Amino acid sequence: MSIRVENIDKRFGAFTALDDVTLDFRTGELTALLGPSGCGKTTLLRIIAGLETADSGRILISGEETSDKPVRERQVGFVFQHYALFRHMSVFENVAFGLRVKPRRERPAEAEIRRRVMELLDLVQLAWLADRMPAQLSGGQRQRIALARALAVEPQVLLLDEPFGALDAKVRKELRGWLRQLHETLHITSIFVTHDQEEALELADRVVVMNRGRIEQAGPPQAVYENPANAFVHGFLGASNILRGTIRDGLFHAEGASLPARNIHESNGEAVAYLRPHELDMSRRPDPAGIPAEIRRILAFGALARIELVTLAGRVPLEVELPQRDLAGLALAPGDSVHLVPQGVNLFPSAEAGALPRPVLAKAG
Amino acid sequence: MAGATSALSASQHFESRSATRDHGLVRALLLILGLGFFALFLVLPLVVVFAEALRKGWDTYWAALVEPDALSAIRLTLLAAAIAVPLNLVFGVSAAWAIAKYRFRGKALLTTLIDLPFSVSPVIAGLIYVLVFGAQGWFGPLLDGYDIRIIFAVPGIVLATIFVTFPFIARELIPLMEAQGSEEEEAALVLGASGWQTFWRVTLPNIKWGLLYGVILCNARAMGEFGAVSVVSGHIRGLTNTMPLHVEILYNEYQFAAAFAVASLLALLALFTLALKSVIEWRASPKSEPEARPKEPLP
């Protein structure tokens with residue numbers, strides 16, 4: 001079932017949670033709503049579910065207007081961030097709840113309920129926990145039960161609010177793969193909210209990057225990652241090095257280097273370059289397209305080594321990531337001077353970058 | 001509702017650490033002070049009540065309880081509680097629901113007002129009803145025209161009882177419901193449950209122990225209330241006397257054995273309430289949760 005969100009506005013007092021948001025979610029796709037906390041992504045999800053009402057705008061589920069439909073008639077499955085399992089019911093009863101509250105005419109017989117619930121518990125691989133209480137489950141197990149419960153009513157649409165937000169890193173990673181697999185099997189139109197760019201890029205068919213109640217960019221993960229529409233998206237989708245400079249004669253000049261850029265359609269003037277740490281090649285030979293820099297610190301553990309540098313010209317801090325093997329070949333030490341040759345430079349107008357908070361360097365992963 | 005189990009583990013924790021373990025003398029002093037106070041002001045009066053009640057033997061004791069005025073007082077007390085407790089149950093649940101789950105203007109005011117009966121002297125509570133419904137009150141003449149009596153009659157006693165027991169259930173539920181939030185209710189709605197189904201199947205089971213606890217306290221107070229009821233009752237023997245008022249009359253008439261006999265009934269009620277309260281606290285503690293699960297009522 002496709003979902004269309006049209007010109008949605010939502011305010012909480014003076015705070016604008018959603019500002020004229022229009023989006024299409026295609027049938028069978030898994031979409032990630034990605035953004036920093038307070039960007040409106042959860043509010044949008046709750047409005048689609050009917051748990052919140054928009055101040056203006058429409059929600060269409062398979063072309064049918066649902067803005068005035070009460071929550072219980074929308075046939076959406078919703079998985080809450082903290083699972084919201086019914087604490088006084090067993091796992092079995094939690095999953096059966098959606099079937100038991102159906103009007104008498106539609107309610108399946110007890111045997112049928114039993115069969116459906118066990119089928120769902122098998123699907124989430126937790127049939128052996130049917131008689132436990134939610135308090136006796138681990139976080140990952142609760143999450144899967146919450147999902148089974150949401151699927152019990154055969155929803156047209158599955159909405160997940162920060163599905164892995166409260167789990168530790170290892171379980172997160174496991175569940176991520178598992179959820180993707182489940183999506184391949186069921187193909188329910190699904191939307192999940194996350195603030196973790198890695199999760200969004202890895203899991204979703206389509207990523208919608210949101211900020212301050214607006215949509216910054218929407219598209220397939222690869223496209224969004226490689227061609228960020230603006231400085232915010234670049235900064236949010238991974239670690240970024242930032243260089244201020246000027247565009248002259250088709251090249252970007254900054255920190256003693258003249259760099260060709262991917263999107264150098266801007267006219268001459270001030271600009272800001274965003275460079276990914278793994279897109280900087282390090283060499284000892286001087287290069288006109290290389291930024292002269294001095295090594296400060298080398299963090300060599302894991303598959304990727306991280307090297308912290310400062311440019312020689314303006315003492316701007318930079319970070320480079322390169323495979324451990326390549327680092328060994330270069331035989332570098334703190335204090336050495338090197339030249340950093342970017343493989344790809346994304347330029348953005350300097351006003352836009354100036355208005356945004358500086359992206360955090362070196363996010364984990 | 002601090003469970004007995006958690007209190008135990010806290011004290012074990014305290015005792016086992018040398019850093020938090022008190023000096024022997026301090027500990028002994030604290031224990032003597034606490035237990036001495038307890039014995040002097042709680043245990044001793046209780047013993048006196050039963051000792052005085054039985055001073056002239058079981059026959060006198062029994063006679064004092066089955067005497068018509070005493071029976072009528074017991075009946076009236078039970079009646080007042082039987083009306084006040086269910087009404088406050090409905091009110092308490094709705095007020096707690098409104099305060100814990102919705103945002104609205106005047107919420108802070110409502111929360112404060114719920115506490116009013118706790119902060120106002122019961123005598124004033126009684127006087128309010130006299131001023132409103134009494135013969136010289138606002139509605140007194142009007143009601144008199146329809147031959148409806150509220151003050152110095154059973155309705156007044158019920159009203160006064162409702163007023164003083166007003167906060168018990170709401171007070172018990174508000175923090176509980178606020179702590180639980182409304183995510184489970186939201187989950188129920190998304191799963192297709194109606195508001196009514198959500199209340200019976202999700203909200204009520206989650207608050208049942210807190211609710212029961214509130215009901216017990218409310219009931220204990222409803223049966224034991226003296227001040228407010230005394231003002232509106234008029235002390236008509238066999239008609240508008242509740243048990244606490246009956247005790248006072250007997251005592252003033254120097255019928256000590258009978259007074260203590262009736263008082264001992266109230267004391268028994270208090271002991272029974274305490275026992276029930278402990279059982280509920282024990283059952284509501286997380287450890288016993290799985291077996292403390294009666295069948296959910298169907299809508």
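Just the heavy atoms: all of them, side chains too, but no hydrogens, waters or symmetry mates, feed the values below. Please read all numbers here as calculations on a predicted model, not as lab measurements.
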**OP:** Answer yes or no on whether A:Arg149 is positioned over the face of A:Phe86, meaning its NZ or CZ is under 6.0 Å from the six-membered ring centre and within 45° of the axis.
**Re:** yes
Original post:
Could A:Glu110 and A:Arg114 be called an ion pair, given the rule that one side-chain N must be under 4.0 Å from one carboxylate O?
Top reply: no
Original post:
Checking heavy atoms, do the side chain of B:Glu185, its backbone, both or neither come under 4.5 Å from chain A?
Top reply: neither
Subject >> B:Ser194 portion near chain A, given a 4.5 angstrom heavy-atom threshold >> reply: both
With only heavy atoms counted, which part of [X] is less than 4.5 Å from chain B, the side chain, the backbone, both or neither?
X	value
A:Leu159	neither
A:Ala135	neither
A:Val76	both

Original post:
Less than 6.0 Å separating the ring centroids of B:Phe168 and B:Phe118?
Top reply: yes
**OP:** Report the option among A:Lys102, A:His82, A:Arg132 that has the most heavy-atom pairs separated by less than 4.5 Å from atoms of chain B.
**Re:** A:His82
Original post:
Using a cut-off of under 4.5 Å for heavy-atom pairs, which of A:Gln81, A:Arg100, A:Glu73 has the most such pairs with chain B?
Top reply: A:Arg100
Subject >> Under 3.5 Å side-chain donor-acceptor pair for A:Asp131 and A:Ser90 >> reply: no
**OP:** Check whether the side chains of A:Thr16 and A:Arg11 place a donor and an acceptor atom closer than 3.5 Å, and report yes or no.
**Re:** yes
**OP:** Anything under 30° is parallel, anything over 60° is perpendicular, the rest tilted; go ahead and classify B:Trp196 against B:Trp200.
**Re:** perpendicular
